[in-house]
Number of protein chains: 2
Amino acid sequence: MNSRSTVDSLFGAMQSDTFDATQCPVRNILDRIGDKWTSLVLVALADRPHRFSELQRAAPDISKRMLTQTLRQLERDGLITRQVFPTKPPAVQYQLSPLGVSVLEPLGHLIDWANRSYDQILSARAEYDSANPASALPVNA
Amino acid sequence: MNSRSTVDSLFGAMQSDTFDATQCPVRNILDRIGDKWTSLVLVALADRPHRFSELQRAAPDISKRMLTQTLRQLERDGLITRQVFPTKPPAVQYQLSPLGVSVLEPLGHLIDWANRSYDQILSARAEYDSANPASALPVNA
DNA sequence: CCGCATCCTACACGATACTG
DNA sequence: CAGTATCGTGTAGGATGCGG
């Protein structure tokens with residue numbers, strides 16, 4: 001496996017005394033990727049630039065509040081750019097920056113893996129759950 | 001970009017009427033990856049199999065509760081296997097399953113990207129914050 | 001149309017104490 | 001050693017209404 005060495009080196013870094021998890025780059029990124037809407041917005045913008053309301057339509061169940069928040073985060077991190085057209089009423093366009101485009105590749109790999117592996121995961125869950133008739137799992141079922 | 005087509009097709013799927021976000025494979029996976037400890041445990045186990053207390057030492061700030069929960073999730077999803085040695089006191093070993101090993105590759109790509117891009121992100125944040133002297137960001141600074 | 005402020009709820013997570 | 005059970009908290013995130 002190719003990525004093995006990088007994973008090992010990360011693990012080594014985690015073991016060091018001076019390791020501060022709060023400013024670990026990986027934690028930082030994964031927290032973003034993992035939150036409920038970030039990756040969704042990135043994927044939507046991979047298609048083409050979108051306006052605010054277009055993004056809302058693209059993800060029907062996102063609230064204005066969270067969409068705004070997600071976009072601000074991405075803008076702050078330099079993954080997307082925000083362009084205001086002073087028309088009336090105003091129009092705002094969001095699009096991926098080069099940095100934002102660059103994340104699509106690793107993100108795409110993960111998405112591919114998810115799609116390829118989902119059946120295996122589902123059957124693994126079914127097997128586990130049938131072997132463990134109820135309890136034993138304190139979290140979301 | 002290679003992964004562009006898969007991203008686009010995902011986006012297309014999201015747009016369909018029959019799309020149910022709650023059982024979207026990608027959402028499912030990213031929720032796991034994004035939670036606080038899953039990826040950390042996966043990376044730790046990439047090195048070699050670990051016992052429960054070894055994992056605790058590897059991630060000094062994880063509580064027993066969360067470690068147990070994370071391990072259960074991963075076991076249920078079939079990414080890791082759990083093996084109990086009925087010694088006294090008992091020893092339990094966790095190791096990656098083939099499926100678990102397979103996630104290291106896309107996960108490694110993302111980790112690489114995070115490490116490579118972190119400087120850019122930090123400077124983007126600094127620039128954004130200096131341009132927006134305070135307010136304007138309702139979330140964690 | 002865009003997006004901020006306010007209020008509120010649910011759940012992720014941590015701390016602690018107890019069992020086989 | 002390897003967990004489970006219980007409790008308490010912070011905060012992510014949804015609903016709503018106002019303002020430019």
Side-chain angles (χ1 to χ4, degrees), chain A residues 21-22 27-28 30-41 49-76 80-95 132 134-141, chain B residues 21-22 27-28 30-41 45 49-76 80-95 132-141:
Chain A
T22 62
R27 281 275 187 88
N28 229 294
L30 291 185
D31 283 354
R32 292 275 191 282
I33 297 297
D35 74 13
K36 204 170 180 182
W37 304 111
T38 299
S39 54
L40 208 56
V41 169
H50 279 68
R51 295 177 51 183
F52 187 90
S53 46
E54 287 177 327
L55 287 171
Q56 271 203 295
R57 277 186 291 275
D61 51 350
I62 189 175
S63 66
K64 273 194 297 186
R65 180 170 129 72
M66 291 318 296
L67 181 55
T68 301
Q69 194 174 113
T70 303
L71 290 169
R72 283 292 173 282
Q73 295 257 5
L74 289 172
E75 188 193 358
R76 188 170 102 104
I80 66 175
T81 58
R82 177 176 182 270
Q83 193 175 3
V84 181
F85 299 95
T87 57
K88 191 175 193 316
V92 181
Q93 190 178 58
Y94 296 91
Q95 64 181 320
N132 304 52
S135 58
L137 188 65
V139 280
N140 46 351
Chain B
T22 62
R27 280 276 186 86
N28 232 295
L30 292 185
D31 282 355
R32 293 276 192 279
I33 296 296
D35 74 16
K36 204 169 181 184
W37 304 111
T38 300
S39 54
L40 208 55
V41 169
L45 292 179
H50 280 67
R51 294 177 51 183
F52 188 89
S53 47
E54 288 177 326
L55 287 170
Q56 269 203 295
R57 276 187 292 274
D61 51 348
I62 188 174
S63 66
K64 272 196 294 191
R65 180 173 129 73
M66 289 319 295
L67 181 55
T68 301
Q69 195 173 113
T70 303
L71 289 168
R72 283 289 175 285
Q73 295 257 5
L74 288 172
E75 188 193 359
R76 188 170 103 104
I80 66 176
T81 58
R82 178 177 181 270
Q83 193 174 3
V84 181
F85 299 95
T87 58
K88 190 176 194 308
V92 180
Q93 189 177 58
Y94 295 91
Q95 64 181 319
N132 302 53
S135 57
L137 189 63
V139 277
N140 47 350

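Chain identifiers are assigned alphabetically (A, B, ...) following the order of the sequence lines, protein sequences preceding nucleic acid strands; residue numbering begins at 1 within each chain. None of these values were measured; they are calculated from a predicted model. For the numbers below, each heavy atom of this structure counts, side chains included, while hydrogens, waters and symmetry mates do not.
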query: With a non-hydrogen cut-off below 4.0 angstrom, is B/Phe85 in contact with a base, only sugar-phosphate, or nothing?
result: nothing

- prompt: If you pin A/Ser63 and A/Pro90 to their nearest nucleotides in DNA chain D, which one's is more 5'?
  reply: A/Ser63

- request: Output the single nucleotide from C/dG14, C/dC2, D/dC1 whose closest atom is nearest the side chain of A/Val92.
  value: C/dC2

- prompt: The side chain of A/Pro89 lies closest to which of these nucleotides: D/dT4, C/dC1, C/dC13?
  reply: C/dC1

- prompt: Looking at C/dG3, D/dT4, D/dG14, which one has an atom nearest to any side-chain atom of B/Arg72?
  reply: D/dT4

message: Using every non-hydrogen atom in the two residues, find where A/Ser63 and A/Gln56 come nearest and quote the distance to one decimal.
response: C-NE2, 4.3 Å

field: Heavy-atom closest contact (B/Glu54 atom, B/Pro49 atom, distance)
entry: OE1-O, 4.2 Å

pair A/Arg82-A/Val92: side-chain heavy atoms closer than 4.5 Å: yes

message: From C-beta outward on A/Tyr94, which listed nucleotide comes closest to its side chain: C/dT6, D/dA2, C/dG3?
response: C/dG3

- prompt: Does the base of D/dG13 carry an N or O that pairs as donor and acceptor with the side chain of A/Lys36 under 3.5 Å?
  reply: no

field: Atom pair distance, as rounded to whole Å: CD in A/Gln56 and C1' in D/dA15
entry: 13 Å

query: Between atom CZ in A/Arg51 and atom C1' in C/dC2, what is the gap in whole Å?
result: 9 Å

field: Out of C/dC4, C/dC1, D/dT6, whichever nucleotide has its closest atom nearest the side chain of B/Arg65
entry: D/dT6

statement: Nearest heavy-atom contact between A/Leu67 and A/Val41 is CD1-CG2, 4.1 Å

